[in-house]
Amino acid sequence: MTSSLEHLTSPDSLMRKERSAVFRIETGVLKKIVDMLVGKDFYWFLPVILAKSTDPLWPDAGASLEKKIELEIYGQKVRTMQSMIIHKRVLVSLCHGKFFILSPNIRIETRDRSSTGKHLYEFTQLDLEVAHAKTEDIFKLFEEILAESISYIKEYFEEDLQILGRKIEIPKVPFEIYRRRDLEKEHGKDWERSISEKSGSPVWVTDIPREFYDLEDEASGEWRNYDLILPEGYGEVISGGEREYEHRKLLHKMERDGIRKEEYELLLELASQRRLKPSAGAGLGIERFIAYVCGAKHAAEAQPFPRIPGIVPEL
Ligand code: ASN
């Protein structure tokens, strides 16, 4: 463990003025985002933590989990939430067409990720989903969320930005869009790091091969999903996509990827009844976004009790 990480996990660090500045900015960003979404008629749902179904996070080239947590309650096997994607698909189909959740996710990342500055074994994503939406709708929504929350912080939290020595520009919208296959040709497999270090503002990257629930165009083989990559090396902060809703495609992709169908019975049942609606959505990693706004070295600085891979603190 490097000394700066040790410093961060010590309870005494909670008394530093820089930590308080980050927490004040975080409060402002959260307030601004929930106000915006509630103002746009989004429902605000409370999160689920233990469930039979969760995001398999597989296959995903960016994943590096040391273990997945399964336990038994009331004689039934449940898993800790890796993301609420399955719950989002059911909610958007059966309840309300626009909603968000501040969703705690547990992902036991490998220890070598402690010093990336980005990985946490518990983090919160602002996860949202919109029925019948397309990629462009979600891009527009998040561009507005990022630009307006940064503008709000610059207007009302200037003193805190000064304490942190942070100068941040309001990003110009719309953000540029790249295709993963083109980036891979130019930068190789490590395209995320290259584009993050080189670009001066956030950029969207589309067409990323990953989990069964993201829509794959059968004719072109192109994935209708996306990540948002922040500049200055902060890397990926949003991931999302348009979604599969056809039973045949879901089944085929689960079999192809070796996913256990018994963990996704309700989703498959709804799809077979044609009750699963097309939708699109995404999740914003709150701690990573706050680290970017504040110019912090580690996403854990946005957590009062840091959850750094490989380090289990007293509290
Ligand atoms: N929240 C992401 C999405 O909406 C899923 C994830 O976190 N893996 O696609």
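Only this structure's heavy atoms are used, side chains among them; waters, hydrogens and symmetry mates stay out. The shown structure was predicted, so the numbers you read here are calculated from the model rather than taken from an experiment. The first residue of the sequence shown is numbered 1, and numbering continues consecutively from there. Atoms within each ligand, like the ligands themselves, are counted from 1 in listed order.
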If we set the cut-off at 4.0 Å for heavy atoms, which region of [X] has an atom near ligand 1: side chain, backbone, both, or neither?
X: M84; answer: neither
X: L57; answer: side chain
X: A282; answer: backbone

Nearest protein heavy atom to [atom], by residue and atom, and its distance?
atom: atom 9 (O) of ligand 1; answer: R243 NH1, 3.0 Å
atom: atom 1 (N) of ligand 1; answer: D127 OD1, 2.9 Å
atom: atom 8 (N) of ligand 1; answer: D55 OD2, 2.9 Å
atom: atom 2 (C) of ligand 1; answer: S239 O, 3.5 Å

Knowing that exactly one of L50, I49, T54 qualifies, which makes a side chain to side chain contact (heavy atoms under 4.5 Å, CB included) with V78?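 Between V78 and the candidates, side chain to side chain contact (heavy atoms under 4.5 Å, CB included) is satisfied uniquely by L50.
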
Of all the heavy atoms in [X], does at least one lie under 4.0 Å from an atom in ligand 1?
X: Q82; value: no
X: D214; value: no
X: R210; value: no

For E244, enumerate each residue passing the salt bridge (charged side-chain N to carboxylate O under 4.0 Å, His left out) test, keeping only those at least two apart in sequence or located in another chain.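 E244: salt bridge (charged side-chain N to carboxylate O under 4.0 Å, His left out) contacts with K249, K253.
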
From D227 CG over to I238 CD1, what is the distance, rounded to the nearest 0.5 angstrom?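 Rounded to the nearest 0.5 Å, the CG-CD1 separation comes to 9.0 Å.
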
When you compare the side chains of D12 and S10, does any donor N or O come within less than 3.5 Å of an acceptor on the partner?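 There is no such pair between these side chains.
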
Check whether the side chains of R19 and S13 place a donor and an acceptor atom closer than 3.5 Å, and report yes or no.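 S13 and R19 do have a side-chain donor-acceptor pair below 3.5 Å.
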
Tell me whether the centres of the aromatic rings in W204 and Y178 are closer together than 6.0 Å.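 They do not qualify: ring centres at least 6.0 Å apart.
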
Of all pairs that satisfy salt bridge (Lys or Arg N to Asp or Glu O under 4.0 Å), the ones with a partner from residues 96-109, not counting sequence neighbours: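 Pairs touching residues 96-109 that pass the test: E109-R113.
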
Applying salt bridge (charged side-chain N to carboxylate O under 4.0 Å, His left out), run through E265 and K52 and close with a yes or a no. CA-CA 10 Å; E265 271 172 12; K52 288 187 183 176; over 6 Å; no

Can the positive tip of R274 be found less than 6.0 Å from the middle of the six-membered ring of Y245, inside 45° of the ring normal?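 No, a cation-pi geometry is absent between R274 and Y245.
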
Going by the atom numbers of ligand 1, which of them fall below 4.0 Å from some non-hydrogen atom of [X]?
X: Q125; value: 1 (N), 6 (C), 7 (O)
X: S83; value: 5 (C), 6 (C), 7 (O)
X: R107; value: 6 (C), 7 (O), 8 (N)
X: G283; value: 1 (N), 4 (O)
X: Y213; value: 5 (C), 8 (N)

Would the distance check show the side chain of S149 and the main-chain N or O of I145 forming a donor-acceptor pair, the cut-off being under 3.5 Å?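 Indeed, once roles are kept as given, a pair shorter than 3.5 Å links the two residues.
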
